[in-house]
Structures are given as C-alpha cells and as structure tokens.
Amino acid sequence: MKYFTKKDLKNKKIIMRVDFNVKINDEGIIMNDYKIRKVLFTIKTILSSDIKSLVLISHMGRPKRKRMKKLSLTPLIPYLESKLNIKINFVSDLEKKNIEKIKSANKGEVFLLENIRFWPEEEKNDKLFSKKLSQLGDVFVNDAFSVSHREHSSIVGITNFLPSFGGILMKKEIENLKLARERDNSPFSLVLGGKKIFDKLPLVKFFRKKIDFLLLGGAVANTVLKTMDFEVGKSLIDKSVDMKMVGKYFGNKKNGQMNLMMPGDLLVASSKNDDLGIERHYTKVLKDDIILDIGLHTRICFENILSQSKTIIWNGPMGYCENENFTQGTEVVARAIANSSAFSVVGGGDTISAIEKFGLLDKFDFVSTGGGAMLEFLSGNKLPGLVALENHGPHPS
C-alpha cells in the first residue's frame, strides 16, 4: 500500500474517506468525538498540502439506505469548523449542480458530503455510483481503517477510478495491529467482552495456540455460559451465533496453551436500571436475574493475570457500562492493563468510551478506532478496503 505525501496531493482535488460515525444526542451534541479527533491530523496535513479542494465522505449509523434526520451529518459542521478553523460546505445530495459546485471550488475549499449510507448504492458497491463519487476529485485518500472491512463504494469501488492512497491514521492502525498480531511475548492475554461473540470467534481461532489466557466478560461470557447449560436468566446473549459453534470454540477448559478464564462470580440485578447488584456464583444465577458485571473475585483474578501479562489485546467491556453502577469490572480490567508493563492494544467503541471516562486513554500502547475492522485484521483476514488500496495505488488500472 502507498501512503500519500504532500507532493502527491499538490494542486489536486482530494476525496477523503473518514469515519465520523459518532453518537450524537437529541440536542445535536457529540457524545464521544474520539474517532474524529484521531483523523483531524490527517485532514490538517492534507489542507496544508497546497490542494485545490477537499471532500470528506463518511457514514453515520445504519440508516437502511434511506434518509433519516437523526443520522444526518449536519450536526458535525460546527464541530469541524471550530477544530479546523475553516468553513465547511455541506453537500446534501449528488445532483449535477452540486457536483459542478465542487468541481469549480475555490482553492482550499472543504466540503462535507451527507451521510453516504443515505444512498442505497453505497452498500451495494455499485459501479456507477462509485464512478459518480470519483467525479468529486482527482485523488482518493482512505483514512477510515474502522470501516475498511466493508466492501462499499466509498471504500472499495472508488479506487477503480482514481489514484488511491492510505492516510496517516490508516498507517498507524496497520502498523500497530500488525505488531500486536505478530507478537509472541508471553504471558499473552486476550480479553473479550461486549455484546457480540460471533465476530470475535475468528480472533479466538487465530490466537488460540499463541495466547496463554482468554478472559471473558459481558454478553460474550453470558453466551458461553449458556452453551455450557448454565442458567443466565434474562441476561443479554448473542442470539445471532450458532450455539454449537460457540461450544466448539469454548467447550474445553484448555485448548493448546490457552487457558479459558470464565467469570466465577457475577453481579446480577432484576433490572438494568437498578442502583445495586447482588453477587452470585455462576452456578447460582436465577431465572429472573440479569447479569450486568463480573463479580469481585473474578475482578481480582483478572487483575492478577493482566498485571503479569506481557502482551494484551482487549475488545469489549466486562459489564453494562451504560449504568455506572455496573462499570466496576470494566474499570478494574482497564486499570490493570494500564498499570501493567504489557504491550497493550484496545479497540471497540464501547470500550474506548469506558477507558476515556476512566481517564486512561493515553495509558495503552495503541487504541484502535476499529471494532469489527480491528477484529478482522487481527484474525488474519484481508480487509476489502486495504486490498483495494494495494491493488489500485497511485496508478489506477
């Protein structure tokens, strides 16, 4: 893959794929701007490269290929203007007049295209739509590693029509995740939590002969407990996954050198909104219980393992962090990793929100903007967006 230099961009109109997929409340306030902050340096570098114009393309949420006001990118404009100290021109559609407006832009003008997933052709990687997007510039830069596991027009299709480069954040993601994937410093711990287990199974398969400890929490642990025929009550489990497949991956206490560390005790409540939880052994969960965090003894066990680890990869919180009463397990894990001497890599939106809340964001060796993309890359899979950049580079075929 070729990464851009200022020379590549000089006097060119630039199209840049970014990931501004952040949570915005009903008042239009950005709840967590981490993804945007991470790409601002690339944007500023491009703007200082004597370019003709810059078009920013991003998605937000999953609008199901139709326009939804709550998923519009318009609330981002004041934020971007304040951070970049430049006027942002909003482009609501790709009608001919707007395309011509971008083509005839004044030197240094910046445009933000509306949520790209409002166009049904985007997720279909439609060739004609990809070509239409390419008309907005002379050069394409992908700095959205976090969505490069998607085979969409603004990530893959557009590279067929323009010289294409990776961005600065893209380079950091690939270099650091590759380092994590290739490390064999032991003890090696993999910590998995969060809501979904399906997209984490390939990661377990890839690392099972390399890692020493696999620590599970959140709905990931609930789902595994369910496959082992333990009662999980009304707790969240990942219903999208084949339970037999889960059993195949986690059925044995020890797989190769990997020690499976399940929560021995759990914090349960009758409602996610409860102020207090009750500690229960994993064999004593009741039918009306909701598992909302790992228990005290499990926290101590996980803390001991992590404090001695030399390599740690973490994706997914240990509990229901939307309620601050059930963040103890996640915070213990976060602080144990932060205080360890391990090379540590963490990713996933909910995990990042938690560690930022704990004031630990700068205590990890690398915090990836990717969730699913990070998992796929670490699992050894080829990401369509990266393959497209490698194949089409600075000289399109």
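Residues meeting the salt bridge (Lys or Arg N to Asp or Glu O under 4.0 Å) test with Lys172, sequence neighbours left out: none. Considering only residues two or more places apart in sequence or on other chains, Asp289 meets the salt bridge (Lys or Arg N to Asp or Glu O under 4.0 Å) condition with Arg280. Residues forming a ring-ring contact (aromatic ring centres under 6.0 Å, His included) with Phe366 (at least two apart in sequence, or on another chain): none. Scored by the salt bridge (Lys or Arg N to Asp or Glu O under 4.0 Å) test, Asp362 finds no partners at all (sequence neighbours excluded).
Ser130 and Ser153 are linked by a side-chain donor-acceptor pair at a separation below 3.5 angstrom, with hydrogens and angles left out of the test. The closest side-chain donor-acceptor pair between Asp212 and Asn259, if any, does not fall under 3.5 angstrom. Counting only N and O atoms by type, the side chains of Asn32 and Ser353 include a donor and acceptor under 3.5 Å apart. Ser154 and His152 share no donor-acceptor pair across their side chains, judged by distance under 3.5 Å alone. Judged by distance alone, the side chains of Tyr320 and Asp293 never bring a donor and an acceptor atom under 3.5 Å apart. A side-chain N or O of Thr5 and one of Asp8 form a donor-acceptor pair less than 3.5 Å apart.
Considering OH of Tyr79 and CZ of Phe20, their distance stands at 8.5 Å, rounded to 0.5 Å. To the nearest 0.5 Å, atom NZ of residue Lys239 and atom NZ of residue Lys196 are 14.5 Å apart. We find the CG-CZ distance between Leu378 and Arg181 to be 7.5 Å, quoted to the nearest 0.5 Å.
In this structure, Asn323 contributes its side chain and Asp274 its backbone to a donor-acceptor pair below 3.5 Å. A donor-acceptor pair under 3.5 Å links the side-chain atoms of Thr298 to the main chain of Gly264, judged by distance alone. Proximity of a side-chain donor or acceptor of Asp143 to a complementary backbone N or O of Met170 within less than 3.5 Å is detected. Between the side chain of Ser164 and the backbone N or O of Leu162, at least one donor-acceptor pair lies under 3.5 Å. The backbone N or O of Asp265 sits nowhere less than 3.5 Å from a side-chain atom of Glu279 that would complete a donor-acceptor pair. Formation of a donor-acceptor pair under 3.5 Å by the Ser368 side chain with backbone atoms of Gly370 is found in this model. In this structure, Arg117 contributes its side chain and Gly61 its backbone to a donor-acceptor pair below 3.5 Å. Judged by distance alone, the side chain of Ser344 and the main-chain N or O of Asp365 form a donor-acceptor pair under 3.5 Å. When atom types are taken as modelled, the side chain of Ser235 and the backbone of Ile291 share a donor-acceptor pair closer than 3.5 angstrom. With hydrogens and angles ignored, the 3.5 Å screen pairs no side-chain donor or acceptor of Asn325 with any backbone N or O of Leu276.
The hydrophobic cluster containing Leu292 does not contain Phe302, counting ILVMFWY residues as joined when their side-chain heavy atoms lie under 4.5 angstrom apart, directly or transitively. Residues Val141 and Ile155 do not share a hydrophobic cluster, defined by chaining ILVMFWY side chains whose heavy atoms lie under 4.5 Å apart. Both Ile86 and Ile15 are members of a single hydrophobic cluster when ILVMFWY side chains are connected at heavy-atom separations under 4.5 Å.
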Intermediate values then yes/no, salt bridge (Lys or Arg N to Asp or Glu O under 4.0 Å), Asp184 and Lys210 | CA-CA 7 Å; Asp184 56 5; Lys210 181 183 284 191; over 6 Å; no

Dump the intermediate steps for side chain to side chain contact (heavy atoms under 4.5 Å, CB included) on Phe41 and Ile168, then the final yes or no.
-> CA-CA 8 Å; Phe41 181 75; Ile168 297 170; 3.7 Å; yes

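Contact check on Asp50 versus Lys107 returns a salt bridge, with a Lys/Arg side-chain nitrogen under 4.0 Å from an Asp/Glu carboxylate oxygen. The pair Lys195-Asp238 fails the salt-bridge criterion, with no side-chain N (NZ, NE, NH1 or NH2) lying under 4.0 Å from an Asp/Glu carboxylate O. A salt bridge links Arg335 with Glu331: at least one charged nitrogen is closer than 4.0 Å to a carboxylate oxygen. Look at Lys38 and Glu173 and you find no salt bridge, because none of the NZ, NE, NH1 or NH2 atoms lies under 4.0 Å from a carboxylate O.
Phe188 and Phe207 have tilted rings, their planes meeting at an angle from 30° to 60° on a 0 to 90° scale. In this pair, Phe377 and Phe145 present their aromatic rings perpendicular. The plane angle is above 60°, beyond the 30 to 60° band.
Applying the salt bridge (Lys or Arg N to Asp or Glu O under 4.0 Å) test to every pair with at least one member in residues 68-89, sequence neighbours left out, gives no pairs at all. Among residue pairs with one or both ends in residues 154-165, none qualify as salt bridge (Lys or Arg N to Asp or Glu O under 4.0 Å); sequence neighbours excluded.
Residue Ile36 forms a side-chain contact (heavy atoms from CB on, under 4.5 Å) with just one option from Thr369, Asp19, Ile30, and that option is Ile30.
A cation-pi geometry, defined here as NZ or CZ lying under 6.0 Å from the six-membered ring centre and within 45° of its normal, does not hold between Lys2 and Phe165.
When the shell of 6.0 Å around NZ of Lys226 is examined, it contains 12 or fewer heavy atoms from other residues, nucleotides or ligands.
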